[in-house]
Structure formats: structure tokens, C-alpha cells
Amino acid sequence: QVQLVESGGGLVQPGGSLRLSCAASGNIFRLYVMAWYRQVPGKQRELVASITSSGSTSYADPVKGRFTISRDNAKNTAYLQMNSLRPEDTAVYYCTANFASWGQGTQVTVSS
């Protein structure tokens with residue numbers, strides 16, 4: 001089972017930016033569908049963005065035009081660039097490989 005480690009979360013003011021990273025173990029990262037989810041207390045985890053092995057991307061409506069998912073297969077790493085952040089983006093962000101393996105999550109807080 002692939003191991004995933006997220007990083008890059010933190011506290012940012014509204015309108016600011018953060019880049020999350022998700023480092024994966026193993027040597028078949030290039031074959032995985034990678035995705036980012038987020039969750040706030042009391043709510044279900046929701047899909048934010050995904051990227052296929054061929055690089056096709058998909059985004060949830062609330063983040064379209066603000067977030068960008070990407071991957072670097074040479075580094076076994078997926079990224080989530082988050083711009084124009086809003087307080088409602090505050091959540092724990094998780095990455096997943098093939099919607100089967102999950103990281104531990106990284107907190108993103110958008111507040112002034």
C-alpha cells in the first residue's frame with residue numbers, strides 16, 4: 001500500500017495563497033489517479049480536485065479558477081496550488097492515491 005505524506009498547510013489571510021504537497025512512496029506513482037479532498041468538523045469529506053495518470057484534471061465548482069492540481073512523476077509528488085483563498089476553504093486537506101490510500105491530512109486555515 002502506498003504511503004502518502006502531505007505538507008504545506010498553515011494559516012493564511014483571505015486572498016492569500018498556499019501550495020500543498022503530497023509525497024508518495026513506491027515506484028508506480030505515475031500510474032495513480034491522485035486527488036485532494038478536504039473536511040471540516042461535522043461534515044463529510046469532499047472532493048476538491050483530481051488528476052489522472054495522463055494529466056487530465058477535474059475540480060469541484062467552489063474551487064474552479066482558484067485551485068490548480070498538478071503532479072511531478074519524477075518526484076512522486078502531487079501538488080495543490082491554492083490561490084485567492086477564502087475563509088470557507090478552511091479545512092483539513094487530504095491527498096489520496098486511487099481513492100484507496102490516504103495521507104494524514106494537513107490543516108489549512110484562512111483567517112484575518
Side-chain angles (χ1 to χ4, degrees):
Q1 186 163 340
V2 62
Q3 304 298 315
L4 302 171
V5 179
E6 300 102 334
S7 61
L11 173 64
V12 63
Q13 292 187 342
S17 298
L18 283 174
R19 188 177 81 154
L20 306 183
S21 299
C22 174
S25 64
N27 56 8
I28 57 171
F29 173 82
R30 69 192 184 282
L31 301 180
Y32 297 142
V33 174
M34 298 299 297
W36 288 92
Y37 279 71
R38 64 187 182 187
Q39 188 171 27
V40 298
K43 292 191 175 181
Q44 286 191 327
R45 195 171 292 190
E46 64 173 0
L47 178 62
V48 174
S50 63
I51 184 167
T52 68
S53 58
S54 61
S56 295
T57 59
S58 178
Y59 298 92
D61 285 344
V63 307
K64 281 181 180 177
R66 300 188 297 123
F67 291 11
T68 302
I69 189 171
S70 62
R71 65 192 299 156
D72 185 336
N73 291 338
K75 295 183 178 180
N76 275 21
T77 301
Y79 302 97
L80 185 68
Q81 178 66 44
M82 305 186 294
N83 298 328
S84 302
L85 283 162
R86 305 167 179 169
E88 55 263 40
D89 296 317
T90 296
V92 178
Y93 284 71
Y94 299 88
C95 71
T96 177
N98 285 351
F99 306 100
S101 298
W102 295 84
Q104 81 288 352
T106 186
Q107 176 71 47
V108 172
T109 302
V110 184
S111 175
S112 55

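These figures come from a predicted structure and were not determined experimentally. Heavy atoms only: backbone and side chains are in, while hydrogens, waters and symmetry mates are out.
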Please check if the side chain of [X] supplies one atom and the backbone of [Y] the other of a donor-acceptor pair under 3.5 Å.
X	Y	result
S101	Q3	no
Q104	V5	no
E6	C95	yes

Q | Considering all heavy atoms, the nearest R71-F29 contact | A |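 Closest approach of R71 to F29: NH2-O, 2.8 Å.
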Interatomic spacing from [atom1] in [X] to [atom2] in [Y] - rounded to 0.5 Å:
X	Y	atom1	atom2	result
L4	S25	CG	OG	7.0 Å
M34	L80	CE	CG	11.0 Å
R45	R38	CZ	CZ	13.5 Å
T90	L85	OG1	CG	8.5 Å
R66	S84	CZ	OG	7.0 Å

Q) Would the number of heavy atoms belonging to other residues, nucleotides or ligands and lying under 6.0 Å from CD of Q44 be above 12? A)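 At most 12 heavy atoms, drawn from other residues, nucleotides or ligands, come within 6.0 Å of this atom.
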Q) Is there a side-chain contact between M82 and V108 (heavy atoms, below 4.5 Å)? A)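 In short, these two side chains touch, coming nearer than 4.5 Å.
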Q) If you look only at pairs with a residue in residues 59-84, which of them pass as a ring pair (Phe, Tyr, Trp, His ring centres under 6.0 Å), with sequence neighbours excluded? A)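 For residues 59-84: none.
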Q) Between D61 and K64, is the closest basic N to carboxylate O distance under 4.0 Å? A)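 Here K64 pairs with D61 in a salt bridge, since their nearest N and O are under 4.0 Å apart.
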Q | Same apolar cluster: W36 and V40, side chain cutoff 4.5 Å | A |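 Result: no, two separate clusters.
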Q: Verify the cluster assignment for V12 and V63: are they in a single hydrophobic cluster under the rule of side-chain heavy atoms below 4.5 Å apart?
A: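 Shared cluster, yes.
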Q: Start with the C-alpha gap between S54 and T52, add the side-chain angles, then the distance that decides, and say whether side-chain hydrogen bond (donor to acceptor under 3.5 Å, both in side chains) holds.
A: CA-CA 5 Å; S54 61; T52 68; 3.0 Å; yes
